[in-house]
Amino acid sequence: MAEVSKESNEKAERSLNFIEQIVEEDIASGKNGGRVHTRFPPEPNGYLHIGHAKSICLNFGLADKYGGQTNLRFDDTNPVTEDTEYVESIKADVRWLGFDWENEFYASDYFDQLYAFAESLIQKGLAYVDDSTAEEIAAQKGTPTEPGTPSPYRSRSIDENLDLFRRMRAGEFPDGAKVLRAKIDLASPNMHFRDPIMYRIKHAHHHRTGDKWCIYPMYDFAHGQSDSIENITHSLCTLEFEVHRPLYQWYIEKLGIFPSHQYEFARLNLTYTVMSKRKLLKLVNEGHVSGWDDPRMPTISGLRRRGYTPSSVREFADRIGVARRENLIDVGLLEFCIREELNKSTSRVMAVVDDQPIKVVITNYPEGQTEIMKVENNPEDPSSGERDVPFGREIWIERDDFMENPPKKYFRLAPGQMVRLKGAYIIKCEEVVKNDAGEVVELRCTYIPESRSGSDTSGINVKGTIHWVSVAHAVEADVRLYDRLFIVENPAADERDFQELLNPNSLVTVKGLVEPSLKDAVAGERVQFMRKGYFCVDADSTADKLVFNRTVTLKDSWAKEAKKN
RNA sequence: UGCCCGAUCGUCUAAGGGUAGGACGACAGAUUUUGGUUCUGUUUGUGGAGGUUCGAAUCCUUCUCGGGCAACCA
């Protein structure tokens with residue numbers, strides 16, 4: 001029995017995703033001399049999101065596992081949309097995730113080589129300069145069910161093509177006047193074979209090459225060759241590039257260069273968010289969020305500011321797996337990963353998060369007296385020690401922790417009911433004080449002196465324990481409660497405009513009264529607000545005003561129970 | 001309606017001719033000075049129809065459904 005389960009465990013550990021299977025087969029067959037070299041190839045035109053994190057973990061993880069290397073390569077072939085700001089943010093995000101690249105390369109490093117490749121294809125009669133307009137070229141491509149028609153410039157001589165291409169490079173023609181096209185097959189069922197554009201004219205300043213070039217290669221004429229130049233063995237990309245693979249291979253074959261191979265996997269989709277760079281940019285530009293690093297964004301910088309840890313994101317990437325079928329991952333899995341880690345690592349502290357907390361006056365507790373309670377920092381980690389928490393006659397509690405007419409299984413405070421104050425005493429609610437509007441403003445309670453936490457001789461057993469903060473010692477804070485950005489699971493598939501699907505309550509800022517141990521908390525610090533969730537100190541926090549972001553709530557089975565009724 | 005890809009518990013993901021397994025979720029219980037954590041248990045799946053085979057999630061045929069492809073974007 002024991003042996004069987006051990007065996008199945010080992011089997012489970014050995015279970016490989018389809019890319020690992022390919023890599024292991026390649027290593028076994030001696031392909032590429034058993035070498036594994038991957039690359040992560042972002043275009044520096046936006047911030048990285050959690051979908052990129054999946055790709056980063058895959059590429060770097062693969063190299064790591066099989067003793068290989070991974071290059072970071074910026075796919076910067078379109079100067080109009082790219083910028084060094086993005087280069088820097090991308091590098092910071094990859095590093096934050098915990099990965100180090102072997103080489104930092106840029107497709108623009110290869111512009112000279114790529115240009116030479118283009119000339120060689122012209123010389124082989126496999127490329128021509130086309131004066132057609134963008135519209136004419138689109139029309140020449142035909143449709144998926146009808147073959148294309150040749151451009152009137154398709155039969156230019158090699159010499160003329162060479163001359164024209166050189167003059168394109170020299171800047172003799174305006175943007176859009178001419179393009180260089182591969183001469184392949186206008187009737188191919190693969191649209192990408194219908195004489196794809198290799199180079200276009202753009203008199204634009206490039207973030208790295210400056211004004212050296214006024215012609216820039218298209219993705220298809222840059223990516224595969226860049227892989228090849230770097231001797232990349234396994235070039236991983238998402239499924240939408242699958243139809244590009246034959247062209248990727250065609251260029252490599254005609255050029256006779258190192259045969260890198262492309263493999264595609266399904267991109268990550270997450271519930272209640274969007275993943276397209278276009279839509280994320282729109283959220284930023286139209287002010288629906290505060291920026292690329294808004295904690296509601298699925299960007300790596302957003303997750304970081306939200307309080308996610310690099311290891312939790314890596315764990316998530318590991319758990320979702322890699323396959324070729326479309327997927328929509330429950331954001332609950334991401335939340336599980338961060339809770340799992342923070343449960344073990346963060347200190348528990350008490351914070352009353354409520355715009356209208358209730359004051360509790362303990363009538364039989366001496367006025368002016370303060371007791372220092374020792375409270376354990378983390379029951380999951382005995383080595384985390386204890387801290388001092390002051391207790392007094394007046395304390396704050398949350399409005400949710402009191403009900404005047406409670407249902408049966410309500411274990412918190414109610415008239416005549418007892419509750420344990422975490423780390424302190426058991427109290428009993430004797431009297432409810434209301435204002436003229438009939439709202440509860442204060443509870444007058446008595447405490448059981450023998451019930452002191454750690455030395456309880458009262459013999460009383462209470463079902464509920466609530467958190468609290470001493471009125472005399474409370475530190476004010478702003479608490480930002482983040483929730484899902486969208487109200488539907490899959491905004492991308494919804495017919496309504498994605499802006500109509502935004503969750504109006506994705507950010508609610510609430511007043512917080514936190515225990516004094518938090519007074520000097522610094523940005524980035526993570527804690528658990530007992531019974532509430534995991535929070536981190538935001539960069540906006542100052543010495544005068546603490547600002548906390550809610551990373552994720554605790555699981556709340558009471559909320560679930562209450563919802564049922 | 002041309003070409004390409006895909007379809008396994010609610011959601012992901014294994015099994016590749018030989019017991020459909022794991023994770024998250026859900027449900028139930030135990031423990032608990034967090035209605036947290038932890039532990040135990042339960043639940044639910046091979047898209048349809050044919051075929052090959054002693055045996056099919058796996059191979060074949062076909063249907064259905066989903067996704068991608070006709071940017072001087074990547």
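Only a predicted model underlies this, so the values are computations on that prediction, with no experimental measurement involved. Chain naming here is simple, since letters A, B, ... match the order of the sequence lines and numbering starts at 1 in each.
- With 3.5 Å as the limit, one finds no donor-acceptor pair spanning the side chains of A:Asn45 and A:Glu82.
- When heavy atoms are screened at a 4.0 angstrom cut-off, A:Ala134 is found touching base atoms of the nucleic acid.
- The base-pairing partner of B:rU52, taking Watson-Crick or G-U wobble contacts with both distances under 3.5 Å, does not exist among the strands shown.
- Contact check on A:Arg73 versus A:Asp227 returns a salt bridge, with a Lys/Arg side-chain nitrogen under 4.0 Å from an Asp/Glu carboxylate oxygen.
- When heavy atoms are screened at a 4.0 angstrom cut-off, A:Leu239 is found touching no nucleic acid atom at all.
- Taking every side-chain heavy atom of A:Met218 into account, B:rC73 is the closest of B:rU33, B:rU8, B:rC73.
- A donor-acceptor pair shorter than 3.5 Å can be found between the side chains of A:Ser311 and A:Glu341.
- What you find for A:Glu326 and A:Leu239 is that their closest heavy atoms are OE2-CD2, 4.0 Å.
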Evaluate the criterion salt bridge (Lys or Arg N to Asp or Glu O under 4.0 Å) for residue pair A:Arg208 and A:Asp109; output intermediate values, then yes/no.
CA-CA 9 Å; A:Arg208 301 200 88 227; A:Asp109 293 341; 3.0 Å; yes
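- Here the side chain of A:Glu240 is nearest to one of B:rU1, B:rG68, B:rC72, namely B:rG68.
- Cation-pi geometry between A:Arg339 and A:Tyr534 is not satisfied (NZ or CZ under 6.0 Å from the ring centre, within 45° of the ring normal).
- Ring to ring, A:Tyr216 and A:Tyr199 are not that close: their centroids are 6.0 angstrom or more apart.
- Listed by residue number, A:Pro189, A:Met191, A:His192 are the residues of residues 185-196 of chain A with a heavy-atom contact under 4.0 Å to RNA chain B.
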Interface polar pairs with nucleotides 37-41 of chain B, N/O, under 3.5 angstrom:
{"residue": "B:rU37", "atom": "O2'", "partner": "A:Asn343", "partner atom": "ND2", "Å": "3.2"}
{"residue": "B:rU37", "atom": "O2'", "partner": "A:Glu380", "partner atom": "OE1", "Å": "3.1"}
{"residue": "B:rU37", "atom": "O2'", "partner": "A:Glu380", "partner atom": "OE2", "Å": "3.1"}

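- Between B:rA23, B:rC73, B:rG36, one nucleotide has an atom nearer to the side chain of A:Arg319 than all others, and that is B:rA23.
- Between B:rU33 and A:Arg531, no contact under 4.0 Å exists linking OP1 or OP2 to a side-chain N or O.
- With both pairing distances under 3.5 Å, B:rC3 is matched to B:rG68 as a Watson-Crick or G-U wobble pair.
- Checked against B:rA74, B:rG2, B:rU13, the side chain of A:Asp75 finds its nearest nucleotide in B:rA74.
- Side chain of A:Trp558, nearest nucleotide from B:rC69, B:rC73, B:rG35: B:rG35.
- Residue contacts shown for A:Thr238 are absent, as no nucleic acid heavy atom lies under 4.0 Å away.
- Where A:Leu421 and A:Ile320 meet RNA chain B, the nucleotide closest to each residue was compared, and A:Ile320 sits on the side nearer the 5' end.
- Among the protein residues, A:Ile466 comes within range of no part of the nucleic acid, since none of its heavy atoms lies under 4.0 Å from any strand.
- No contact: A:Gly533 has no heavy atom under 4.0 Å from any strand.
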